[in-house]
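I have placed the structure first, in the form of structure tokens, so that the comments after it can refer back to it.
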Amino acid sequence: MWIAVAMDLLGFGIIIPLLPLYADSFGASATTIGVLFASYSLAQFVLSPVWGRISDRVGRKPVLVVTIVGSAVGSLVLGLAGSLTVLFIGRIIDGASGASVAVARATVADVATPDQRPRLMGLLGAAFGFGFVIGPVVGSLAALGGPEVPFFLAAAISAVNAVATWVRVPETRVLTEAAGSAGSIRDLSATVTRFVILTFIGLTAFAAFEATFSLLAADRFGVGEAEIGFIFAGIGILLVGTQGGLIGPATRLVGERALIRIGLVMNVVGFLVLSVAETWALLVPALAILALGQGFITPVLASAIAGSAAPGRSGIALGVQQSAGGLARVVGPAAGGALFAIGVPVPYVVAAGLTLVALPIVPTVAGVEAGIGSEV
């Protein structure tokens, strides 16, 4: 599953940095490019719960394969595009197929014991980061062969990944009579709903930072595109290291829900420091704190949702979480850009306030989380 997710996100990472320039070659304006990116997230928002529910009903493996094939088709359409309309079709197909990570998390939840689940979710998060760190490098090299080559390469990687997933990944969902009547969104527990709300709030704040940081770096530090790329690569490496190596020990030490709170507090501190950072001595620690905080929050929220879902319902629960994440990646950048126009520090102060508001939403439990660690 780690390889399947890493390869899936490798293809995604190949496309994302090059898509704006590719769309610009078709005469797309900056606004149109923004809508093009949003179309992916909106399609993901609508269909991720559907794919999650289907995986609860028919099994994880077929849904994984279909969604990965969908990514291959979407990338191929982008490479063959002759107009902006076809570009939008390709991105919508890719977004509609974008539930593979949620289904992969549900696959892990099917087989992981409670004490192992946070660490394994962290490893999947590291696979996600791996694709984003390596993908842009591979895409830049592929672009030397022509502007459409990276999209064909991403399609080929997804096609091979689909075959490998079909051959190598076993079915983990134990199909029972109850599985045939998999629940709906209305059946999600209050605890799962709170974790989904946390996902939306936390990712909205972080996405606003991602969308505007390049502008802050240029305004305050005179940083150009190449340096921005290296900074984001550094953030990605730190995220991978956090999710791949620290999640397991940290959850054993303090528990899932306490670690979510710690991550949220770190993000509040990181946003506030970033809002006033005018020297590298403040900027670097702010980015490191944000990377660590988000590195804690993302996989542990997925683990907590899987652990709080009703038996046989982790697919739809994680699908709804990914849907909330897709919506956050529409709202966050749009809000961040509008707030940045008001003033450079404003997006980060608002993000800190939003994250602070999220803290009381973290569900509390008395005593000890089963098999994980003491609750703080």
Side-chain angles (χ1 to χ4, degrees), residues 5 8-9 11-13 15-17 19-20 33-56 63-64 66-68 70-71 73-75 78 87-106 121 124-125 127-129 131-132 135 154 158 184-185 188 192-212 239 294 297-299 301-302 304-306 309 314-337 351 354-355 358:
V5 171
D8 194 29
L9 273 298
F12 188 83
I15 288 174
I16 290 304
L19 186 59
I33 292 172
V35 175
L36 180 65
F37 272 78
S39 67
Y40 175 95
S41 297
L42 287 173
Q44 188 179 73
F45 165 71
V46 172
L47 287 172
S48 287
V50 176
W51 287 121
R53 186 171 187 267
I54 292 173
S55 79
D56 285 337
V63 176
L64 273 173
V66 168
T67 54
I68 294 172
S71 293
V73 172
S75 298
L78 289 175
L87 279 184
F88 272 94
I89 292 172
R91 287 307 287 162
I92 291 170
I93 291 172
D94 208 354
S97 307
S100 56
V101 174
V103 179
R105 286 171 173 163
M121 291 293 184
L124 280 189
F128 193 98
F132 272 104
S158 293
S184 68
I185 294 175
L188 297 179
V192 170
T193 301
R194 291 175 77 169
F195 283 131
V196 170
I197 293 171
L198 279 168
T199 298
F200 174 74
I201 293 174
L203 192 53
T204 296
F206 197 77
F209 149 72
E210 290 177 318
T212 58
L239 280 168
Q294 195 67 18
I297 294 168
T298 303
L301 272 175
I305 287 174
S314 61
I316 188 170
L318 290 164
V320 170
Q321 184 201 24
Q322 188 160 346
S323 176
L327 183 60
R329 290 205 172 276
V330 175
V331 174
L354 193 63
T355 307

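Computed over heavy atoms, backbone and side chain alike; hydrogens, waters and symmetry mates excluded.
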Could you tell me which non-hydrogen atom of [X] sits nearest to which non-hydrogen atom of [Y], and how far apart they are?
| X | Y | result |
| --- | --- | --- |
| G325 | T199 | N-CG2, 4.4 Å |
| Q322 | S48 | CG-OG, 3.8 Å |
| S100 | L64 | O-CD2, 3.6 Å |
| A328 | A207 | O-CB, 4.1 Å |
| A127 | V5 | CB-CG1, 3.9 Å |
| I201 | A358 | CG2-CB, 3.8 Å |

Rounded distance (nearest 0.5 Å) linking atom [atom1] of [X] with atom [atom2] of [Y]:
| X | Y | atom1 | atom2 | value |
| --- | --- | --- | --- | --- |
| L198 | F200 | CG | CZ | 12.0 Å |
| T204 | L327 | OG1 | CG | 7.0 Å |
| R329 | Y40 | CZ | OH | 10.0 Å |
| L42 | I92 | CG | CD1 | 9.0 Å |
| I68 | S97 | CD1 | OG | 10.0 Å |

Between S75 (side chain) and S71 (backbone), is there a donor-acceptor pair under 3.5 Å? yes
Do the side chain of S39 and the main chain of L36 share a donor and acceptor less than 3.5 angstrom apart?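 Such a contact is found between S39 side chain and L36 backbone.
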Would you mind reporting whether [Y] and [X] have side-chain heavy atoms less than 4.5 Å apart?
| X | Y | result |
| --- | --- | --- |
| T67 | V103 | no |
| I297 | Q294 | yes |
| W51 | V66 | yes |
| L19 | R91 | yes |
| P20 | F37 | yes |
| V101 | F128 | yes |

Report the residue from L87, V73, I89 that forms a side chain to side chain contact (heavy atoms under 4.5 Å, CB included) with L78. L87
Check the pair Q321 / L318 against side-chain contact (heavy atoms from CB on, under 4.5 Å), numbers first and verdict last. CA-CA 5 Å; Q321 184 201 24; L318 290 164; 3.6 Å; yes
